[in-house]
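The structure appears right after this line, and notes come after that.
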Amino acid sequence: MAAPDIKILISCHKPIALPHSDVFYPMHVGAAGADSPLAGTHPDNVGDNLSDRNFTYCELTAQYWAWKNLDADYYGMCHYRRFFYFGSKRHVTNDHGQIEVDRLSQQTIEEYFIDDTALIESTVARQDMITPLYWDVRNVPTPDGPKKTIREHMRAYGLIDDAGFELLLEIAQRVQPEYYDDIVAYLNGSRYLGYNCYIMRRELFERLCEFEFSILEEFDRRFDYSQRTATQRRICGFLGEILFSAFANHVRAEGAWRTAELPMVFFMDTPAPLDLHRCNAEPITSSDDNCQIVDIVWRYPLESPYQLVAGIDSLIRSLDAQKQYRLTVLCEPEFECGIAIGLLGGRPSCLDLRFTSWDGFDKGALPIEMTWPEAETLLPWLIPWLFPDSKHFLWMQGSEVFFANPANVFESLGDRALACMHDLSLERALNLQENDAVKACYQAQTGQCFDLYDGSLMVIDGMLLRSQASAENVLQLFRELCVAFDARPKDLVRFLEPSVVLKAALSALSERLGAGTIPFADACPALEVAEVNTWAAVEHASPWRNALASGPGLLHYTQGKELTKRELSPFSEKMPEADRIFWMAARQSAAYEQLLLEMAEYNKDGIGDTLINVAEDLLPCGTRRRAVASKVKVKATSLLGR
């Protein structure tokens, strides 16, 4: 038996992560008044349409367009932040009968089975009409307290006034008398449906549209929109919720149709999807036709905008004005880009800077099928296939400060496709007796145990890597190494703080792909000197110490969350050498004072006391450090309640 032709409209007015399933039909509502079309959507302003009335009809302009222009066996409607949940797992719902999820992304779409085509088709084929769950308005607060009826509830929110309700009822009684009692009963009841979300057979869908628009089009002609707020002007959309709900109740009362209720998944935040290729695909103009663009992709795992600004400020000071640079920062969802952009101020013309949220990443952009943990873990090794038009990449994952032109680090490549920092932290771990089995496995897989590759900082010749391997090769090799090292799924989901076995597997992956090492003078990890002296081989410890002493081109905190937890102060005479180098760069940043206060908040008993007492005790009069410390002292004293 052939699967039914299902078209579930997604009402969109901005870019969102879209489900990868042919049952969904994304619609750009209000396209007639938009500056540009939404990628991946169908505009509602072609054919017979109401697009120019979207300000009042809201998502119903998509419904009207489908009624007049789209052919299907089943029609559905959902919104850019509300989707039906077709899974069998029970989830806690809010007082509106919805499953609340923080953010819409390809990962949460997959997690909540939203684009599981087979599941959707089998569920829909067993029903004639699917609606959301009903919920009781008597249990939900309004600005004027809980209300007993839906009419009072909507009026308390200022959505529809009494004049609007009376005009609706007057038109409905004359135009659609068969449904009049259903409308009155719904408004006087407390079981709310609403949202204009549903899936129904063609016959019911056509009945719904004939019923709704016969009323709404006359209401729209007669309603006075003057002196109304933007919310009040959306009245036809709100009335559509009432009419749809009354229609659904009417259909259920007929008793001739198979109907079901499914919970909606409500996404609190709906960011634009992250398209890595588009982020770096826009051309950078240069007077030099032979100018090589330096691509930098920075996976920044912290919430602190100040630490990032200190790093970007140091990068800007290190750029070669004769080159062109393109920096894409992949932030955490909670990261406050506005603060960072405000502190950075103007940027040189040679730097193209993009901020984007990491969780908008769509693994469908990759040429292979893989799990989410695999995609997140392997991202740096798969960059050449995500940026097929670019040649060289510098990948960083953590916290960085620069003291030299980042283009210098590409010299580490030589004739290789990729080069990584030597992983001193992995070397320490493999020298612990408890990890002897992992060390033996590493030697068996690579034939040596002296070069350990840190994938959190690497340079890649994308063209060369693409010529030597495929994305499928990389994934297959990684999976084989995970089996060899006994890396479990729980290891993959901790890719920001990887286990020893995962770090060993990733290092072996780089070795198998022919990686070289980046000299510590170009990129140096921030570690404790005593720790490195104890656990690292002399061949690695000595050049690392020399790089710290002379000043590396780039200082790299591999574990991005480590710095904000350290008990350090930029004024302490016992500061570790790597931290001294960090603060050398941070002091020149516009984020310096905010970063000091952030450190104080992280460790009130350690750095907080130091910040309060150090200005007069340690720092020379007239110095910039004393002036800054004195200012911070006042703020820190208030912060710590002294």
Side-chain angles (χ1 to χ4, degrees), residues 1-12 16-27 40-42 59-60 62-91 93 97-99 101 104 106 108-135 193-212 240-241 243-245 247-267:
M1 181 177 178
D5 182 13
I6 303 169
K7 290 290 183 290
I8 303 175
L9 311 179
I10 307 175
S11 169
C12 305
I16 61 166
L18 294 169
H20 294 313
S21 172
D22 290 339
V23 303
F24 287 101
Y25 203 85
M27 292 289 301
T41 67
H42 304 271
E59 64 272 3
L60 294 182
Q63 177 179 309
Y64 183 90
W65 184 91
W67 180 34
K68 297 297 185 181
N69 302 283
L70 189 62
D71 185 49
D73 298 327
Y74 284 86
Y75 295 81
M77 173 76 78
C78 60
H79 305 172
Y80 70 101
R81 67 168 68 250
R82 288 186 178 91
F83 294 83
F84 280 104
Y85 177 69
F86 295 92
S88 57
K89 181 179 178 181
R90 295 183 64 86
H91 291 273
T93 57
Q98 300 174 348
I99 303 167
V101 179
L104 174 67
Q106 290 300 330
T108 51
I109 285 173
E110 186 175 306
E111 180 181 353
Y112 287 89
F113 306 102
I114 286 171
D115 60 357
D116 188 327
T117 301
L119 179 60
I120 295 171
E121 288 177 345
S122 64
T123 303
V124 171
R126 295 194 298 268
Q127 305 297 334
D128 298 312
M129 181 178 72
I130 296 172
T131 70
L133 303 179
Y134 289 85
W135 54 274
L193 190 57
Y195 303 126
N196 292 320
C197 293
Y198 54 80
I199 303 171
M200 59 183 70
R201 285 189 178 276
R202 174 200 289 271
E203 180 182 344
L204 290 177
F205 177 74
E206 290 179 345
R207 276 180 56 186
L208 169 67
C209 292
E210 290 167 358
F211 159 60
E212 280 192 335
E241 293 189 51
L243 296 176
F244 155 68
S245 303
F247 176 83
N249 289 345
H250 187 96
V251 168
R252 286 192 162 104
E254 288 176 350
W257 305 94
R258 299 170 300 171
T259 67
E261 298 175 41
L262 292 180
M264 305 290 297
V265 183
F266 178 80
F267 293 97

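The chain is numbered in sequence order, starting from 1. Bear in mind the structure is a predicted one, so any value in this text is a computation, not a measurement.
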* To do: Report, as yes or no, whether the 6.0 Å neighbourhood of atom CG on Asp22 holds more than 12 heavy atoms from other residues, nucleotides or ligands.
  =>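 Counting neighbours around CG of Asp22, 12 or fewer heavy atoms of other residues, nucleotides or ligands fall under 6.0 Å, so no.
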For the pair [X] (side chain) and [Y] (backbone), establish whether a donor and an acceptor sit closer than 3.5 Å, ignoring hydrogens and angles.
X      : Y      : value
Gln63  : Gly76  : no
Arg202 : Ala72  : yes
Glu212 : Phe244 : yes
Arg252 : Ala260 : yes
Arg81  : Phe266 : no
Asp115 : Ser21  : no
Tyr195 : His79  : no

Smallest separation among heavy atoms of [X] and [Y], with atom names:
X      : Y      : answer
Leu18  : Gly40  : CD1-O, 3.7 Å
Thr41  : Met27  : CB-C, 4.2 Å
Leu193 : Ser245 : CB-OG, 3.4 Å
Gly97  : Trp135 : N-CB, 4.3 Å
Ala125 : Arg258 : O-NH2, 3.7 Å
Ile120 : Ile114 : CD1-O, 3.3 Å

To the nearest 0.5 Å, how far apart are [atom1] in [X] and [atom2] in [Y]?
X      : Y      : atom1 : atom2 : value
His20  : Thr117 : NE2   : OG1   : 11.0 Å
Phe86  : Glu121 : CZ    : CD    : 10.5 Å
Tyr134 : Glu261 : OH    : CD    : 6.0 Å
Leu208 : Tyr198 : CG    : OH    : 5.5 Å
Tyr74  : Met129 : OH    : CE    : 12.0 Å
Arg201 : Ile130 : CZ    : CD1   : 10.5 Å

Side-chain touch [X]/[Y], heavy atoms, less than 4.5 angstrom:
X      : Y      : result
Pro19  : Ile10  : yes
Asn196 : Leu60  : yes
Arg207 : Phe247 : yes
Asp128 : Thr259 : no
Leu262 : Thr123 : yes
Tyr64  : Lys68  : yes
Val265 : Thr108 : no
Leu9   : Leu70  : yes

* To do: Test Phe24 against Phe83 for side chain to side chain contact (heavy atoms under 4.5 Å, CB included), laying out the working first.
  => CA-CA 11 Å; Phe24 287 101; Phe83 294 83; 4.2 Å; yes
* To do: Show your reasoning for whether side chain to side chain contact (heavy atoms under 4.5 Å, CB included) applies to Phe84 and Ile8.
  => CA-CA 10 Å; Phe84 280 104; Ile8 303 175; 5.7 Å; no
* Asked: What do the steps show when you test Lys7 against Phe205 for side chain to side chain contact (heavy atoms under 4.5 Å, CB included), and what is the final call?
  -> CA-CA 12 Å; Lys7 290 290 183 290; Phe205 177 74; over 6 Å; no
* Take His91 and Tyr112 through the ring pair (Phe, Tyr, Trp, His ring centres under 6.0 Å) test and state the conclusion after the steps. => CA-CA 10 Å; His91 291 273; Tyr112 287 89; 5.1 Å; yes
